[in-house]
Amino acid sequence: MNEWKHIFKLDPAKEISNEQLDILCTSGTDAIMVGGTDDITYRGVEDLLNRLSHYSVHKILEISRMDAITTGFDDYFIPMVLNSKEKKWMMDMHHQGIKQHMDYIDYVQPVFEGYCILNEEAKVFQYTNSTLPDAEDTLVYAYMAEEVFHLPIFYLEYSGIYGDAELVKQVSHQLNDTLLFYGGGIENAHQAKEMKQYADVIIVGNSIYTDFDKALETVRAVKP
Ligand code: 1GP
């Protein structure tokens, strides 16, 4: 994971053709992450995993619902929403989830991500009842992700809009060991390059479904 630069995030509730899936899986991206907020079902996740199983690309399930956890992924990423007003999104869901899967936890070794959601309009922001941090607060969350919680990933989540590159830069300076993931509104090679200057890994999601060819260019932009 320390070598990764680029991830495509697929939403199991959205349509993607076999041809497009083939192109994404063989694009040179470092991983395909399956995740989303709305209409995530066990069936939807399982169907997508079955379609991905033909490919050697690293497959990650980003868990958003306990009842949609499907076996067979290479990694399981679990968001801990640092800027939620509700403790359940930072602690309680995880406590319950680990309790239910305690027998497998050593085998699966889930990866916990410190999420900081910065787009008030994003579904995930509203769903997790988050509060919008200013730049100073965001830097404190980054500090806490690394120094208090020792999380391997700090994820700046702008889901749906292109974020503030200056803030991403400042956060990158705050972090030493924790990896910085950036996701939100990357639609073309230029934006991918700009955010990759500061983030260890960029995540491209929605533009796969809105302008596939441009989304594909983001791989080459950061992995020439
Ligand atoms: C969403 O961070 C990812 O969880 C990617 O964001 O869908 O805006 O590309 P976009």
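Reckoned from all heavy atoms, side chains included, excluding hydrogens, waters and symmetry mates. Indexing begins at 1, ligand by ligand and atom by atom, following the structure's order. Position 1 is the first residue of the sequence, and the numbers go up from there. Since we're looking at a predicted model, the values are computed, not measured.
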Peer 1: Does any non-hydrogen side-chain atom of His101 lie less than 4.5 Å from one of Val108?
Peer 2: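 With C-beta onward as the side chain, the pair stays apart.
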Peer 1: Any chain of hydrophobic side-chain contacts (each under 4.5 Å) joining Met33 to Tyr42?
Peer 2: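 Result: no, two separate clusters.
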Peer 1: Parallel, tilted or perpendicular: which describes the rings of Trp4 and Phe77, with under 30° parallel and over 60° perpendicular?
Peer 2: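 The arrangement is parallel - the two ring planes meet at less than 30°.
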Peer 1: Can you find an N/O atom of Ile186 closer than 3.5 Å to an N/O atom of ligand 1?
Peer 2: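 Checking ligand 1 against Ile186, no N or O pair falls under 3.5 Å apart.
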Peer 1: In the protein, which heavy atom is nearest to atom 9 (O) of ligand 1, and how far is it?
Peer 2: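 Protein heavy atom with the smallest distance to atom 9 (O) of ligand 1: Gly205 N, 3.0 Å.
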Peer 1: May I ask you to list the atoms of ligand 1 that are less than 4.0 angstrom from any heavy atom of Ile203?
Peer 2: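 Listed by number with element: 3 (C), 5 (C).
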Peer 1: Please state which option from Tyr155, Tyr209, Tyr158, Tyr115 has its nearest heavy atom closest to atom 2 (O) of ligand 1.
Peer 2: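 It is Tyr155 whose heavy atom sits nearest to atom 2 (O) of ligand 1.
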Peer 1: Of the protein's non-hydrogen atoms, which lies at the shortest distance from atom 7 (O) of ligand 1, and what is that distance?
Peer 2: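 The closest heavy atom on the protein side is Asn206 N, 2.8 Å.
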Peer 1: For ligand 1, find out whether one of its N or O atoms is nearer than 3.5 Å to an N or O atom of Ser159.
Peer 2: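 Looking only at distances, the answer is no, because the N/O contact criterion of under 3.5 Å is not met.
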Peer 1: Counting non-hydrogen protein atoms only, what is the nearest one to atom 1 (C) of ligand 1? Give residue, atom name and distance.
Peer 2: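 For atom 1 (C) of ligand 1, the nearest protein heavy atom comes out as Glu157 OE2, 3.4 Å.
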Peer 1: Is there a salt bridge (Lys or Arg N to Asp or Glu O under 4.0 Å) between Arg51 and Asp47 once you walk through the steps?
Peer 2: CA-CA 6 Å; Arg51 294 172 66 199; Asp47 281 354; over 6 Å; no
Peer 1: With heavy atoms of Gly185 as the reference, note each atom of ligand 1 found under 4.0 Å away.
Peer 2: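 In order of number, 8 (O), 9 (O), 10 (P).
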Peer 1: I need the single residue from Ile60, Thr70, Ile63 that forms a side-chain contact (heavy atoms from CB on, under 4.5 Å) with Tyr76. Which is it?
Peer 2: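 Among Ile60, Thr70, Ile63, the one that satisfies the side-chain contact (heavy atoms from CB on, under 4.5 Å) with Tyr76 is Ile63.
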Peer 1: Answer with yes or no whether Ser207 contacts ligand 1, where contact means a heavy atom under 4.0 Å from a ligand atom.
Peer 2: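 Outside the 4.0 Å threshold, so no.
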Peer 1: Under 3.5 Å, is there a donor-acceptor pair between the side chain of Asn129 and the main chain of Lys85?
Peer 2: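 Looks like no, no N/O pair under 3.5 Å.
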Peer 1: Would you check if Lys214 and Glu187 make a side-chain contact, meaning some heavy-atom pair closer than 4.5 Å?
Peer 2: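 Answer no - side chains too far apart.
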